[in-house]
Each structure stands twice: as structure tokens, then as C-alpha cells.
Chemist: 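This is the structure, below, for whatever I ask next.
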Amino acid sequence: MSQSTFEDDDLFDEAADDIRSDVEERLDAVANALPDGDAIWSVEADNTLGVLNSLRSALDVDDAAEDLREAKKWYAMGKRAEVFEDSDDLEARIETLDGVLTDVEEAHEQASGLASTVPELRGALDEASDASETGDSGESESDEESDEADADEGEAEAVE
């Protein structure tokens, strides 16, 4: 073999090591961005909204999705180029982190949705409670007249 072939092989091996290292570093970044189980289980808050906001913050995984995408990209390239002697461990770790990250992102979206819905719901419930306490059914006189006309019309149709 010529000297350049040895150098090419060394460069290829070095590139393979770099690719594996990059994939592993990205996967480590994803794993580090995931919240600790206690962070989403135990929160201190005075009310439901505080709990939801704490949960939403705990479930924020920053740039973990981008790191996972980069890891998948370099893993796919390395696998196609057949640079990994053993890639099963990387593939299993990618699948595991992908599943957990998907679950965390879905939970974050749900917590965010509830955090925006709960104040609206509270306002609607408070308004309904206030209306029932004051005896106001929430209908105006024209609504009442319309309801009476609909009832009279319904009675007329039932008689026919």
C-alpha cells in the first residue's frame, strides 16, 4: 500500500471518531436538557395557575429538539458511510431520547394550554356565579321576548 492510502485510512478513522463523538455529545446535551423527575412532580405554588406555570417551566427543554435532530443527522450520515463499528448503542439511545423528548414536548404543550385556559375558565365561572347571585340570568329583555315567541311558536306547531 502506498503512503497516501495509509494517510487516507487514518483520516477516515479520525473522521469516524469525530462523527461518533459529535453524535454522543449531542445526545448528552439532549439528556441533560430533559427535566429531572422531581422537578415536574414536586412544585411549590399558591394556586392552580402557579402549579401549571411551574410545570410548564420545568417541561421547557430549550434546544434539545435541535440537538436531537443534529445527532440523528450525523448518525444517519455515519451509518450510511459505514463509519461505525458498532452503532446499535447509538441507535437505541437516539430512539429512547426521541420518545422521552416527544412526551416532554407534548406535556409542555398541554401544560401551556391549561395555563392559558384556567384563568379564562375562572373568569367565566366567576361571572356565572355573580350573575346567579344577583338574579341576572344574563338574558336581556329582547332575548326573553325572543324566547317567549319561540315558545309560543312551538306550542302552535304542537297543536297542529
Chemist: CG/Leu114 to CD/Glu109 distance, rounded to the nearest 0.5 angstrom?
Modeler: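 Here the rounded value is 12.0 Å.
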
Chemist: What's the separation between atom OG1 in Thr102 and atom CG in Leu97, rounded to the nearest 0.5 Å?
Modeler: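 Those atoms lie 10.5 Å apart.
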
Chemist: Can Leu27 be reached from Val100 by stepping across I, L, V, M, F, W or Y side chains whose heavy atoms are under 4.5 Å apart?
Modeler: yes

Chemist: Please check if Val83 and Leu90 belong to a single hydrophobic cluster, counting links between Ile, Leu, Val, Met, Phe, Trp and Tyr side chain heavy atoms closer than 4.5 Å.
Modeler: yes

Chemist: With rounding to the nearest 0.5 angstrom, report the CG to CG distance, Leu55 to Asp60.
Modeler: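 That separation rounds to 11.5 Å.
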
Chemist: Are the side chain of Ser129 and the backbone of Leu125 linked by a donor-acceptor contact shorter than 3.5 Å?
Modeler: no

Chemist: Going by an N to O cut-off under 4.0 Å, is there a salt bridge joining Arg20 and Asp89?
Modeler: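 Salt bridge: yes.
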
Chemist: In Å and rounded to the nearest 0.5 Å, what is the CD to CG distance from Gln110 to Leu52?
Modeler: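 Rounded to the nearest 0.5 Å, the CD-CG separation comes out at 11.5 Å.
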
Chemist: Write out all pairs satisfying side-chain hydrogen bond (donor to acceptor under 3.5 Å, both in side chains) with one or both partners inside residues 45-56, taking only residues at least two apart or from two chains.
Modeler: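 Every pair satisfying side-chain hydrogen bond (donor to acceptor under 3.5 Å, both in side chains) with a residue in residues 45-56: Asn53-Arg56.
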
Chemist: Would you check if Lys72 and Asp98 make a side-chain contact, meaning some heavy-atom pair closer than 4.5 Å?
Modeler: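 Touching, per the 4.5 Å side-chain cut-off.
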
Chemist: Treating Asn32 as the side-chain partner and Asp28 as the backbone partner, does any N or O pair qualify as donor plus acceptor under 3.5 Å?
Modeler: yes

Chemist: Is Leu49 reachable from Val43 through a run of I, L, V, M, F, W or Y residues, each pair having side-chain heavy atoms under 4.5 Å apart?
Modeler: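 Val43 and Leu49: separate clusters.
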
Chemist: Of all the heavy-atom pairs spanning Val23 and Ala71, show the shortest one and how long it is.
Modeler: CG2-O, 3.8 Å

Chemist: Measuring from Asp103:CG to Leu59:CG, what's the distance to the nearest 0.5 Å?
Modeler: 10.5 Å

Chemist: Taking all non-hydrogen atoms of both residues, which atom of Ala58 and which atom of Pro35 are closest, and how far apart?
Modeler: O-CB, 3.1 Å

Chemist: Restricting to non-hydrogen atoms, name the atom on Glu105 and the atom on Val61 that form the minimum distance, rounded to 0.1 Å.
Modeler: CG-CG2, 4.3 Å

Chemist: Would you name the heavy atoms of Ile19 and Gly78 that are closest together and state the gap between them?
Modeler: CG2-CA, 4.2 Å

Chemist: Going by side-chain hydrogen bond (donor to acceptor under 3.5 Å, both in side chains), name the residues that satisfy it together with Asp18, two or more places apart in sequence or in a different chain.
Modeler: none

Chemist: Any side-chain heavy atom of Arg80 within less than 4.5 Å of one from Met77?
Modeler: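 Answer no - side chains too far apart.
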
Chemist: Any idea which heavy atoms bring Arg26 and Asp67 closest together, and the distance?
Modeler: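 Residues Arg26 and Asp67, closest heavy atoms: NH1-OD1, 3.1 Å.
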
Chemist: Work out which heavy atom in Phe84 is nearest to a heavy atom in Tyr75; give both atom names and the distance.
Modeler: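 Smallest heavy-atom distance, with atoms named: CE1-O, 3.6 Å.
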
Chemist: State whether the number of non-hydrogen atoms from other residues, nucleotides or ligands found under 6.0 Å of Asp13 atom CG is greater than 12.
Modeler: yes

